[in-house]
Each structure stands twice: as C-alpha cells, then as structure tokens.
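One structure below.
Counting starts at 1 for both ligands and their atoms, following the listed order.
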Amino acid sequence: MLFNSLIIHLDCRMSQSRCKIRQMEKNKSFSNQEIAKILEKVAAAYEILDKDRFRIAAYERASVSIQHATSEVKDIWDDDKLDDIPGIGKSIASYLDELFRTGKVRHFEELFKKIPPSVFIFLDIPGVGPKTAYTLAEKLNIREEKNAIARLKTAAQKGKIEEIENFGEKSELDILNGISVLEKGELKTKRMLLFYADALADEIIDYLKKSNEVIRADPLGSLRRKVATVGDIDISVCTNNPQKAIEYFLNYKKIKEVISRGEESLVRVVLFSGQQVDLRFSTPEKYGSMLQYFTGSKQHNILLREFALKKDLSLSEYGIKTVKNLKTCPELVEGLKIKNFKDEENFYNFLGLEWIPPELREGTEEIKTSLNGKLPKLIELKEIKGDLHLHSNFNLEPSHDLGQSSVGEMLIQAGSLNYEYLGFSEHNPSVSNHSEREIYDLIMRKKEFIEQEYYSTKNKDYERGIKLPKQVLNSLEIDIKPNGNLAVDEKCLNILDYAIASVHSSFNQKREKMTDRVLKGLSHPKIKILGHPTGRLLLEREGYELDWDKIFDFCLKNNKFLEINSWPNRLDLPDTKVKEAVKYGVKLVINSDSHHVNQMAYLQYGVSVARRGWAEKKDIINSLSFEGLSDILL
Ligand SMILES: [Zn+2]
Ligand SMILES: [Zn+2]
C-alpha cells in the first residue's frame, strides 16, 4: 500500500512554528491547482504556436502530475526536491524555481503575450481545445478576457460559428452545449483517481497508527473496494478510547476545517487540498461489523440483508440480531441481544458465507458464489513476476512521449521489486519524421543498447549486491494506424521479442471500423498484447467502442493478450470488461506503462482492477515464471 515515492509524499518535517509561518505565507504563494493551470496554459500556447509535440506533452504531463500531487509543490521546492516529482524535467523545474522565487516566469509571460487572452478562457469550455479556441478568438474577433464566454455564446446563437471554415452546425451546437455545462458548473467533478485517494488515505492512516489510542485503521467504501475513482475519503478507526483518538486526529496538520464531530463515532473534516474526509470510530468488539457495513457497496449490502432476512436475521453497523424466529439462531436467543463482531470473517461466517474480498462486493453474484464456497482466489501483487510495458528514456524519436528514467534505473527498480523479467516497450519512432531505414536503425540501436545496459548494470551492481531481473526483453508499443496498419514494418518487428499494439489516434471511429482496425493491428504474429484496450481516460474521456465478443474470440484463438494498464487515469481494461474476459477464458497482462521508475509501483492498481474483475493467477500471464511466459509470448 505504501508507495511514498510514487507521488509527492513529503512529511511536513518542520517544527510547529515553521508550519505556521508557512501557512501565513500560503496566500502569497501558488497552490498546486494554480501551477497546474499555468503549465496547462503553456502547453496550449505551444500547441497553438505549433511547437514540437515533445514539449507540449512534457507540459501536459507536468500539469497532470502536479494536479494529483498530495503535497504542495511549493513545499517540495523549499526542500529542493522538485526533481523527485515524476513528470517534472530539468527545464520545467527551473521555471518553477523562477516562479516561486519571483512570482512569475519571464519565458511564460513572453509566450502568453503571443496569444489573445480570451483563448485561455475558451479552454474551460468542455470539448474546446487550444487550436479551436484560437480560431474562435481570431475569427470572431473576441480577444479580451472580459465577457469572452458571453460574447462567444452570442456569436454562436447568431450562427456566426458555423460560418467559420471547418466549423459547421454541429460544432456550433457542441460549443453552445459546452458553454451551458460550464455555466451550470457541472464540470467540476468531485471524484478523484483511486491512486490519489489511496495516497491521501495512506498518509492519514499512517498518522493515526502513530497514536497509542489507535489499534487499527482501514479505508472504507469505494476506496477499500478499489473502485477506479473515489468520492470522499472514509476511514474507520478501531480504538478503546474514541474520545482520545478523535482528539489525536484533530491535530492532523492537513485539516483545514472540522465540519462536524456531533456524533461520538463520526468526525468529518475538510483537508487543505479540498477533500472531505470522514472518520468513523469504533471499539474492537464491534469493529468488524462497522468495517463490513461501511465498505459497501450499497447493492452488496442490500443483497446481504435480503439473504440474512431469509434466516430471520437483521444486519446493521453494530452487528447481527434476530428478527423474529429465535429457533433459527440459538446463539442470539438470549435476551434478543445484538451479536457484535470483531472482524469481518466472523461476520460473514456467521451468515454461513465465506469472507468476501472487498473488491468483489458489488452486488453481482458474489453472495451466491460465496455460499457455494466457490469464490475465486484473486490475483495478488506479490504474484506478479514482471512488467512488460515500460518506457525508458532511450530516445527512439517517437511521436509520443519518451520515458524519464534510464534502462539501468528501471532494471535496478525491477530487481528491488523481485521481478524475474522486464520488457522495454517504448513508442515506435515517429513515422512522419523518419525514413523506413532510419526507423529500422533506431530500433536496432535500442535493442543493442538494452543488452549492453543490462550487462553493464549487472556487472556494476553485482558487487553492490543488487539483484537484477533474470531476463530483459526488447519490445515496442506500436501505433495501430486508423486503417489498422502498424506503424513499423515487418523487418522492424522481427528485431523484437514481442510487441504491444495500441490505438493512440482517431478515437472517434465507429464501433465496427474500430473493431476491424484493432483486429488487423493484432493480427501480426509479433503483436501479442493490445495496450490500454478501450483508450479511456478516467474523468476525461470515454473509451472507444469495440465489438468485445469479436475481440475476445480473436484473442482466445490467436494467443493474444489484453492489457490491464495500471496508469492511474487509465485502469484499462476496466474491471467489468476484465470480468467478461476472464469468463471467456482470455488471458490478461497487468502492466504499469511506467515512464519513470517511481511509477513502476502503479502496477498495484492494475492488480486491483484485475481483482475487481474476479481474475486469478491463472488469468494473468505476467504471474508466470519466465519459462512459462516465454512459451506463450516469445
Ligand atoms: Zn499507449
Ligand atoms: Zn505506453
């Protein structure tokens, strides 16, 4: 659960008084959201000015990284640790340094001067990207910030947008709809990515466990069930002395405001980062029932209540009691007392069920399956033996993003994770900028480079006692072009041990066309894995549609594997599709898609997705030893 380095996890290692000074200063400094916004503006400006895609992607990535940071970037800068933030390279770090020192960045200011201010306002409209925003500003002559949205709306209502070249009635309508969403304020979704919620909860739980009053603490609700996005953070606390435990918690330094502590057992606060956190306190005798009750899901608990009712039992957060017929439950006869539960296992066992892992509690067939003693033995992180989708910083001159960490760094990290094998699958060299010969040479050079790095790292680190994975594999993540062709040719494919094919463009194709495209892409014998199969981006973009029966069928017959991509805003395949794939017998691979060594820990979220999809070890190919894997992959 702990992955301190994954995102910016810095303790406020300062004395109380310094903390206070810091808070006073806070008004003057930049919040993470403000910094993220500035970087987003830079990316947009670069895009409008047609700068190279690397630079645009670098700023977009940095912006997302900062949005999801759990510590203030300003604090990290104070500690001279900007380099530790994944996604922040040297040049962005130096601009942030300038921002914190002087309150502005000269280079950014110059850049923004080239773009009408209204453009950055238009970017808040859902569906409007930088180029569209720029065209609207220029063609409609709306350049000022003031009333920009209102003026745009009027122009749309008057049919002025559809008159612009390449815009039509449809885009005009889309923009009007976007404006109305913006005006209603429906845009700000309150949900957050699982990994972000997990990190926040981990910090709080770590803090709680430092108190002698706290026996244990656990996440509750969708966070404990590992749902891809989480609303508020709920945590349960087991203590013999709720009052003292509550007081201890209220000293937590990240609490901005206490919303309520009315009930003895519930405390609700808001953190400086804006999240609401509910803590529920319980004594050990009742802790199991409370944990069960507040883990949910609602649907699971409804079904469980119906199931219990058939045995004349009623369930609550305090335990189980009889409803009427005392004969069915002699244990509860005496005085109609409520039966408490220290742990969940006994709670479920009392009902005649096996304990149901939280990830399965979604109100589907888990109760029935548990009753029959047939619950799956879900895959666990410790069973994963390697990661087959990593982007090192070896420069293949791709059209998408490069990794940030070196091959050697990633190998060492893999060793510390006890991996047996590691597959480097950088993006293919960009097709538009290279000849076939150049593409071949680049891929060849990478193959040789990985091998050299492996041996030199091995020799260097042998003396230091660092254990590297036994096998390093040479792969690529290859674009499936809109027509289904792969972005590299036969000769290049032959250099690889295996390859991943992914859709990175033209997401709007119709289901049938997209299905054909994907199947065509997968059909080459070297392509073994379909990367992030739906293309969804959580809280941002729905995936494209595929004919899943066709895809499953093809994978099964042709020995192809669907990826569970663990990247926090992908988690793709989604859990529901994992479940279907498992039923179908299609094998899956859980990959991190890391671009930085610190991101290799993301793989745990892919494992959560697999578990929510009822997947066992036998369903996941990278739980195989290298021998078993090479039989089916190489
Ligand atoms: Zn990709
Ligand atoms: Zn990738």
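- Aromatic ring orientation, Y605 versus F195: perpendicular (interplanar angle above 60°, classes split at 30° and 60°).
- Defined by atom type and a distance below 3.5 Å, a donor-acceptor pair is present between the side-chain atoms of K579 and T364.
- Between S623 and E383, the side chains place no donor N or O within less than 3.5 Å of an acceptor N or O (distance only, hydrogens not considered).
- Panel detail: the Zn ion (ligand 1) has protein N, O or S atoms under 2.8 Å away, 3 in number.
- Side-chain contact annotation: H524 with E490, donor-acceptor N/O pair under 3.5 Å present.
- W567 and H595 have perpendicular rings, their planes meeting at more than 60° on a 0 to 90° scale where under 30° would count as parallel.
- Applying the 6.0 Å contact sphere to NZ of K583 captures no more than 12 heavy atoms from other residues, nucleotides or ligands.
- Rounded to 10 degrees, the NE2-metal-NE2 angle spanning H389 and H391 at the Zn ion (ligand 2) equals 90°.
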